[in-house]
Structure formats: structure tokens, C-alpha cells
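Note that the structure is predicted; figures quoted are calculated from it, not measured. Chain A is the first sequence line, chain B the second, and so forth, proteins listed ahead of strands; every chain is numbered from 1.
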Amino acid sequence: MPRITSDGYDFDIPEGAYSASDLKERAKAPDNAVPVVRKQDKDIVLEPEEVVNLQSNDRVTFTTPMEAA
Amino acid sequence: MISRSKPITVVWKECDFLAMRQHLLRNDNLERVSFVFFGATDDNPSEIYVHKVINLEDGEYEKQTPTYVVPKMTRLISVFREYESKAIKGLMHVHSHPFSHAAEFSGIDYQSAKNAVGSLKSYLRAGERNNPFLFAHLVIGQELEGFSGNVYDGTNSLMGQVESMHIVGMREAKKMMRNGDGVSRWQALDNSEILDRNVKWLGEAGQKKIADTQVVICGVGGAGSLMALNIRGMGFGKITLIDHDRIEASNLNRLPAAKRRDVGFFKVDVMKRMIEDVGVTSEVEAIPGRIESDKAKKAIVSAHILVAGVDSFRTRFTLQMLAARYLKPLIDIGSGIMLKTDTQTIHFMGGQVATYIPGGPCLFCQGVVPKSIDSDMITEVKRATGYVQGTDFTPTSVATINAIMAGHAADTLLKFVTGFSPVKPYLKCDLLNGSYQIFNFQRKLSCPVCGDEGVEGMGDEIPFVLPESLPIE
């Protein structure tokens, strides 16, 4: 099963098509989080309008781009 | 500019010298004045001897700013009266340049020195003054060796320049040479000794690569200044610092080398001083302007590698575009704290170091520059609130996070420049949970920056416009 690993979250989700907002909602990720899909050791940023087909062994995580302070 | 002439040493008692420096270089950054009565040998002296120091107190100035000071006339007259009552040869005017570590006379100073003796004579009562007398003009900066001075004879002719100070203390005597033409004694230290530990780590070949490299640090706030700190002793060929901001009191918790008296001055100038104090970087350039300025762009285009420590996605976007067009590797630092909206507890603290290497994924493909770039107004809000994200901004700051992220960025820079280890393109650091994550992002073929139809290597061939797919607001 595809798996979401995020800050404080680590759980499986069913295979299928997901948008960025779907994934953020499931992970309770903040608005400015950027979903990253890992397929076979390659990471791809999921654009807001993009839909990804998640399969077994795929992983989803989130980055939160920070600026310098 | 006055030409070089005879070198003159000023000999001080340590107590007088230290008290005068303490008076002239207080933390409030204001210029101050002292007068010195001095003796000398009768003919063509190479040494002058401090007899008495009069430090003008704060109520004794007509005007007093960080770059300008005018004593009250009544106080000047009282000093002149005391001087002429003494059978001593010389009078010295000393003032401070608290903004400078290696003081040089300013244009105003040269103007006022032009006829200082004539002016002084007009205040001295005729017949009560031994002729000829000597007049000296001295300016001191923050560094002990940071002084400049001229000695004039009674006709206002330059007799010599103050090249050294001899300080006679209770335990020892010290001689300080003037940092002539901005070159201080530490710069005479053997660089190979300073760089010895670098060479042991990186080898002669690695050190040479560093010496051949020109780095531009864009943004010298909390992260960029620590980047400058990290690489100040590496021996780079050139470091250029770009930032239009001036130092504020609230920056002092995280800007290395910034002192209370630096508040109000450009960050780049203070960081330049910090790098030059180590003295192994061949050239340091400070550009107190925006990334978009012509001077900054020119520096970026002529650099070998860029480092970004910027607090606006808009600036990050601009840098990424320049990096792609002119094929410059770009190391980008981000750090901060995110609060949970509902509970106001910390959701994330940490940051990322993202690296763009031409041919690889750009910062857009790494998700570092969001599709909707925030406005400068929002950046101002973030500055005021301490760079805490969340629905409600909460003041704090991120000094410790900056240090960690700037350390990773410096490590990435050295790996790239020397080639001793492959660069990790994206490192996420989660300081709340104590974990690191490395991403292996892929370049998107459709990316308008690094994709097949992107702008990489286009140089000046294309006008600088924002692609429609990357809305600016």
C-alpha cells in the first residue's frame, strides 16, 4: 500500500489517484506544505493542480519551504 | 590626499591612552573629540610625547552625530587658553570614527586641516605663545592599529605622519603600527599558516580550488551572515555580499560580529569587516543594494557560485532565474518555525538547504519556490514577527536554526567547490524531532526554468520576464 510519512504521521492509504490537496488533507499538513511523492528512490514535487497515481511502495511526504530569517 | 612624509611616533602613558580610547569609542556610535598637549624635541622631531589629555564630555558639543562632531566654541576657547598658558610645544586634535575599524581622514577632515594652524593662531592671544608651535591632527577607529595622523609646523606645512603609537604601560610597552593604506599587521601574517588546517583536510589542490572561486552571498541576514562567518577563513578568491538592509537592534541576537554600535549601518559592511579581519579572502566586496540592481547582477554574473539567504520568495525567484540563465550553481538556505493553527504549538522547526546545479532540478522543481510568490508586504510582516509561520504570527526568532542550516550550506559549498564528496541536492532538517531527510528531486521536463524549453544558459539573450506559469502575486 502507498504510505504517507509526515511530521507526526505515518500511515497507509489505498492505491489510487490523489491530488495535492487530497494528500494534504489526509496528512493534516499545513497549507504551505508541499507534497512530495517518492517513486523508486526518485522524489517528485506534486504541483497544486497535479494528480498522482499512487501505487504500492510509493511514499508521500511533505516539505515546508522556509525562507532565510 | 596628503603624500607620505616623515614617520612620527606618538608616545603615550597607557592610562591616558586607554582613557581617551574609552571616551572616544563609546557604544553609542557617536563621534567625540579629545585634545592633547604634547611635547617634542626642538628640531625635526620623530617622536612627540603626550603631556595631557582633555576629553570633551557630551555636554560640550554643538553637534554630535556618528559621522560629524563640532565642539562648543566656549569649550574650545577654554582648551586654547589652557594650552597657551603652558610652556609646551604642541596641540593635538583627536577625534573618533566609531563606524570604522581602520580610521582614515575623511574629506571633511582634510578640509578642516588645510588651515588648521592659521585658524588656531587666530584664537591664541598674540605674544603669549611660543613660536614655532606644532599642531597634530589624529583620527582613531575601533582597531588599536586603526589610526591616522598628521603633524604640522607653525606654518601649516605637513611635517610628518603618525605611523606608530608607543604605549608605555605599567607592565610593558607596546608599539602599534598604523594600518597603512588599510593594510594592518595581521595581513602580514603568513596565510599558509592560517589555512594550514584547511589544507590538511582538503589538500593543496582543494585549497587552490577555493582560492580560485568567487562566491556571492545574496542576503546577509540571519542565515547569510552565518554563511559568511563559516567561510571567512577558507581562503576564497572573492566573496561578494549583497543586501540592502541596515542592522537593527533586533538583529543583534543572530548576526555574528555585529555590535551595538553597528546598528544603523549596512549589514554587508559589517560582514565585510568580519571577513577581512581574518584576512585570507583575496577580495571582499560589499554591495548595499537589492539583488535586482545592476551592480548586484553584474557581481552575480561574474561569480562562480551563488548562495542565497533571502527572506522573500520573490528574491529567491529572481536569483533562480539569474542562476539558470548564466549557469551558476545556487545554494539556497531556508529556516524557520511553523505553529499549529489550532493549538499554537510548534508544528515544525528547522529548514532546508536546496541546491540548484545547472542541468539538475531547479528550486521550482524542488518545491522551494512556491507557485504563488508572496508580496514584499508579507515579507515585512514576517520580519516583524520573527519568521514564525502559521495562521497567527507569533514573535520569536530562529537564531539557533540559522546556525545549523548555514553550517550545512557551507558544507555543501565546500563539497561542490573542491569535489571531495557529492552534493546532496536537498537536505531537510527537522530540529523538532531531530531528523534529517535527503530528497532526490527530479527535473521536470516541462519546467519553464530548467526544463527542455527552459531558460538555462540563455544569458542576456532573453528579456527578463516572469513566465506566465509562475504568477508573481
Side-chain angles (χ1 to χ4, degrees), chain A, chain B residues 219 221-224 254 308-313 315-316 332-341 347-348 350-352 354 361 363-372 374 379 382-383 386-391 397-399 401-402 405-406 426 428 430 432-433 437-442 444:
Chain A
M1 298 249 296
R3 193 167 186 82
I4 290 182
T5 56
S6 180
D7 304 317
Y9 296 96
D10 196 352
F11 56 92
D12 292 334
I13 56 174
E15 292 185 7
Y18 294 91
S19 69
S21 57
D22 290 339
L23 295 171
K24 283 160 78 166
E25 191 176 328
R26 280 175 178 265
K28 296 186 170 55
D31 288 345
N32 52 355
V34 176
V36 177
V37 178
R38 173 166 291 188
K39 286 175 175 282
Q40 297 175 335
D41 295 330
K42 291 181 178 176
D43 296 309
I44 300 162
V45 169
L46 196 61
E47 306 293 351
E49 69 280 7
E50 209 172 349
V51 173
V52 65
N53 192 21
L54 292 179
Q55 299 166 330
S56 182
N57 297 326
D58 290 348
R59 294 285 178 271
V60 176
T61 189
F62 296 88
T63 65
T64 310
M66 296 283 185
E67 298 154 278
Chain B
R254 59 192 185 278
V310 297
D311 62 358
S312 128
F313 284 119
T315 307
R316 192 178 260 164
D332 180 273
I333 309 168
S335 63
I337 291 174
M338 265 195 341
L339 297 181
K340 276 185 180 169
T341 305
H347 172 74
F348 176 81
Q352 80 281 335
L363 297 186
F364 292 93
C365 292
Q366 298 184 57
V368 178
V369 183
K371 285 283 183 173
S372 64
D374 60 2
T379 297
K382 283 185 293 195
R383 284 183 186 181
Y387 299 90
V388 177
Q389 295 184 22
T391 53
S397 193
V398 286
I401 307 174
N402 286 338
M405 302 319 299
Y426 190 109
K428 176 184 174 182
D430 178 352
L432 196 60
N433 298 304
Q437 203 171 357
I438 291 169
F439 291 95
N440 182 25
F441 285 114
Q442 302 300 298
K444 294 185 176 179

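Across all non-hydrogen atoms, the minimal contact from Val368(B) to Pro65(A) is O-CB, 3.5 Å. Of all non-hydrogen atoms in Phe348(B) and Met66(A), the two that sit nearest each other are CD2-CE, 3.4 Å. Considering every non-hydrogen atom in both Asn440(B) and Asp41(A), the closest pair reads ND2-O, 3.1 Å.
In this structure, chain A has a heavy atom under 4.5 Å from the side chain of Gln352(B), while its backbone stays farther away. With a 4.5 Å cut-off on non-hydrogen atoms, Val45(A) touches chain B through its backbone and its side chain both. Looking at Gln437(B), only its side chain comes within 4.5 Å of chain A, counting heavy atoms on both sides.
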Worksheet item: Given Thr63(A) and Tyr426(B), is the side-chain contact (heavy atoms from CB on, under 4.5 Å) satisfied, shown in steps?
Response: CA-CA 10 Å; Thr63(A) 65; Tyr426(B) 190 109; 3.6 Å; yes
Worksheet item: Does the pair Lys444(B) and Glu47(A) meet the rule for a side-chain contact (heavy atoms from CB on, under 4.5 Å), with working shown?
Response: CA-CA 11 Å; Lys444(B) 294 185 176 179; Glu47(A) 306 293 351; 2.9 Å; yes
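Between the side chain of Lys428(B) and the main chain of Thr64(A), no donor-acceptor pair closer than 3.5 Å is present.
Other residues, nucleotides and ligands place no more than 12 heavy atoms under 6.0 Å from the CD atom of Glu25(A).
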